[in-house]
There are 2 protein chains.
Amino acid sequence: MDISKILDLIYELPDQSKLALQNNVSEIAFPKGHILLKANKIESNIYFIKKGLVRAYVERDNEVTFWFGKEGETIISMKSYVEDQPGYENIELLEDCELYELKTENLRKLFNEDVHIANWGRKFAEKELIKTEERLISKQFKNASERYLELMKDHPVLLQRVQLGHIASYLGITQVSLSRIRAELK
Amino acid sequence: MDISKILDLIYELPDQSKLALQNNVSEIAFPKGHILLKANKIESNIYFIKKGLVRAYVERDNEVTFWFGKEGETIISMKSYVEDQPGYENIELLEDCELYELKTENLRKLFNEDVHIANWGRKFAEKELIKTEERLISKQFKNASERYLELMKDHPVLLQRVQLGHIASYLGITQVSLSRIRAELK
DNA sequence: AAAATAATTTAACAAATGATAAAAAATGAA
DNA sequence: TTCATTTTTTATCATTTGTTAAATTATTTT
């Protein structure tokens, strides 16, 4: 997916503003397994996924995967981007990826100069917020089996491209529990 | 908490932009128990809490409380505000409240006219996003007892002002489970 | 203060999920 | 292909959380 399309998915910009953004974007590729962003570091870039699949996870006793990103989606260390503080997430590439890279510093400059880009940034955060809030609510009143069915319905492609251990973690259960749930559904 | 302080909590605006926002704000009060926002309706206002306490909940088999707002916080139907669609949340006042009211329509106009206000709106969504994401992650790798202790540490005031049934729902457990957890901690 | 109502706790049992270990299946490397 | 490694499933038992009902405590109304 090309950068113009990706930017439009968030919010349609006037040509001039869109060009200003695109002029700050460069292309870069990494292989499967690469760790793109590391926790406890201030990250100075954000990325848009041209091709490939990634996951965001935090390290605790075990790894907790809390987000998947595929073509058209934005990779960001929220804390770095918003508060200039070390982030909590690691980003691992689950497939070979082609990415668009944008320096946070340049984006900040554009936010202050161009009202359309500022609103583009606002829309991005607002849409992510709704998605996250809906997941939180879903987690709160659905059991693991219902959340699995919901994921199958809403994001069937993830089940084909992501190994089940990560899916289980994303659903907030152990891999063994997920296996059991899948067995019961047969 | 006065409106000037509340706006600054999100992002410090130049005087002129701040005044433009404040000029669109009016004061209004409602008693405890009032339902301020209703689910499945497009809401045309957002509110800032001058004084009081509210909760956001969705109705399923039972009620699921997923957010509390107190002095200085912003009350918003996310779907209405972001996508002009009926929202999923109800907002109930848990105490008598004094609120600042702002028409979404006017705010949208300001977003398009004033780059500072657009960035103020961006910061608001970004900060809410981080809070929501952190709660989602916490829900994913902590058990109920750990989440209760975390809430006690981070928001002790809620435990004094909110009845336990709502706290339990917010933690994603039943009231009976919360009672059991509290008994074990004694 | 007494009565009525609402909120919280306790108890007993059921259901869901976790932990550990082992087996089976799938994938990747030589 | 064969071997080694990784992923997924299955089985067993432990722990956590849910459900229901009743008892207790707190709050509100009369």
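From a predicted model like this one, the values you see are computed outputs, not experimental measurements.
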Problem set entry | Residues from residues 133-168 of chain A lying under 4.0 Å of DNA chain D - heavy atoms |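 The stretch gives A:Gln163, A:Leu164, A:Gly165 as the residues lying under 4.0 Å from the strand, ordered by number.
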Problem set entry | Interface residues of residues 89-96 of chain B with DNA chain C (non-hydrogen, below 4.0 angstrom) |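 Output list: empty, so none.
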Exercise. The helix from C:dA1-D:dT30 to C:dA30-D:dT1: angle between its terminal axes, five pairs each, to 10°?
Worked result: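 It comes to 50° between the two terminal axes.
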Residues 94-102 of chain B side chain polar contacts: donor-acceptor under 3.5 Å, at least two apart:
{"from": "B:Glu95", "atom 1": "OE1", "to": "B:Arg161", "atom 2": "NH2", "distance (Å)": "2.8"}
{"from": "B:Glu95", "atom 1": "OE2", "to": "B:Arg161", "atom 2": "NE", "distance (Å)": "2.9"}
{"from": "B:Asp96", "atom 1": "OD1", "to": "B:Lys32", "atom 2": "N", "distance (Å)": "2.7"}
{"from": "B:Tyr100", "atom 1": "OH", "to": "B:Ile3", "atom 2": "N", "distance (Å)": "3.3"}
{"from": "B:Glu101", "atom 1": "OE2", "to": "B:Tyr47", "atom 2": "OH", "distance (Å)": "2.9"}

Problem set entry | Qualifying residue for side-chain contact (heavy atoms from CB on, under 4.5 Å) with A:Leu93, from A:Leu53, A:Leu36, A:Ile35, A:Ile49 |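 With A:Leu93 as partner, A:Leu53, A:Leu36, A:Ile35, A:Ile49 yield a single side-chain contact (heavy atoms from CB on, under 4.5 Å), made by A:Leu36.
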Are [X] and [Y] ion-paired here, with the side-chain N under 4.0 Å from a carboxylate O?
{"X": "B:Arg108", "Y": "B:Asp84", "value": "yes"}
{"X": "A:Lys51", "Y": "A:Glu71", "value": "no"}
{"X": "B:Glu134", "Y": "A:Lys79", "value": "yes"}
{"X": "A:Glu126", "Y": "A:Arg122", "value": "yes"}

Are a donor atom and an acceptor atom from the side chains of [X] and [Y] found within less than 3.5 Å of each other?
{"X": "A:Arg147", "Y": "A:Tyr170", "result": "no"}
{"X": "B:Ser177", "Y": "B:Arg180", "result": "yes"}
{"X": "B:Ser77", "Y": "B:Glu89", "result": "yes"}

Starting from [atom2] on [N], measure out to [atom1] on [X] and report it in whole angstrom.
{"X": "B:Ile173", "N": "C:dT17", "atom1": "CD1", "atom2": "P", "value": "15 Å"}
{"X": "B:Glu184", "N": "C:dA11", "atom1": "CD", "atom2": "C1'", "value": "13 Å"}
{"X": "A:Leu178", "N": "D:dT9", "atom1": "CG", "atom2": "C1'", "value": "11 Å"}
{"X": "A:Leu171", "N": "C:dA16", "atom1": "CG", "atom2": "C1'", "value": "15 Å"}
{"X": "A:Gln175", "N": "C:dA24", "atom1": "CD", "atom2": "C1'", "value": "14 Å"}
{"X": "A:Ile181", "N": "D:dA11", "atom1": "CD1", "atom2": "P", "value": "16 Å"}
{"X": "B:Leu185", "N": "C:dT8", "atom1": "CG", "atom2": "C1'", "value": "16 Å"}
{"X": "B:Arg180", "N": "D:dT20", "atom1": "CZ", "atom2": "C1'", "value": "12 Å"}

Residues 148-158 of chain A side chain polar contacts: donor-acceptor under 3.5 Å, at least two apart:
{"from": "A:Tyr148", "atom 1": "OH", "to": "A:Arg182", "atom 2": "NH1", "distance (Å)": "2.9"}
{"from": "A:Glu150", "atom 1": "OE1", "to": "A:Ser138", "atom 2": "OG", "distance (Å)": "2.8"}
{"from": "A:Glu150", "atom 1": "OE2", "to": "A:Lys142", "atom 2": "NZ", "distance (Å)": "2.8"}

For this session: Using a cut-off of 6.0 Å, state whether more than 12 heavy atoms not belonging to A:Gln16 lie near its atom CD.
Result: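 Open: at most 12 neighbouring heavy atoms sit under 6.0 Å from CD of A:Gln16.
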Problem set entry | Neighbour count >12 (heavy atoms, 6.0 Å) for atom CG, B:Asn23 |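 Atom CG in B:Asn23 is packed in, count exceeds 12.
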For this session: Pick base, sugar-phosphate or nothing for A:Thr174, based on heavy-atom distances below 4.0 Å to the nucleic acid.
Result: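 It contacts sugar-phosphate atoms only.
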Exercise. Do A:Lys50 and A:Met1 have side-chain heavy atoms sitting under 4.5 Å apart?
Worked result: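 Side chain of A:Lys50 against side chain of A:Met1, heavy atoms only: no contact under 4.5 Å found.
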For this session: Report yes if some heavy atom in the side chain of A:Trp120 is under 4.5 Å from a heavy atom in the side chain of A:Leu21; otherwise report no.
Result: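 Yes; the side chains approach each other to less than 4.5 Å.
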For this session: Give a yes/no answer on whether the side chain of B:Ser177 brings an N or O atom under 4.0 Å of OP1 or OP2 in D:dG18.
Result: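 Affirmative; the distance criterion is met.
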Each nucleotide N or O in nucleotides 21-30 of chain D that has a protein N or O under 3.5 Å away: list the pair and distance.
none

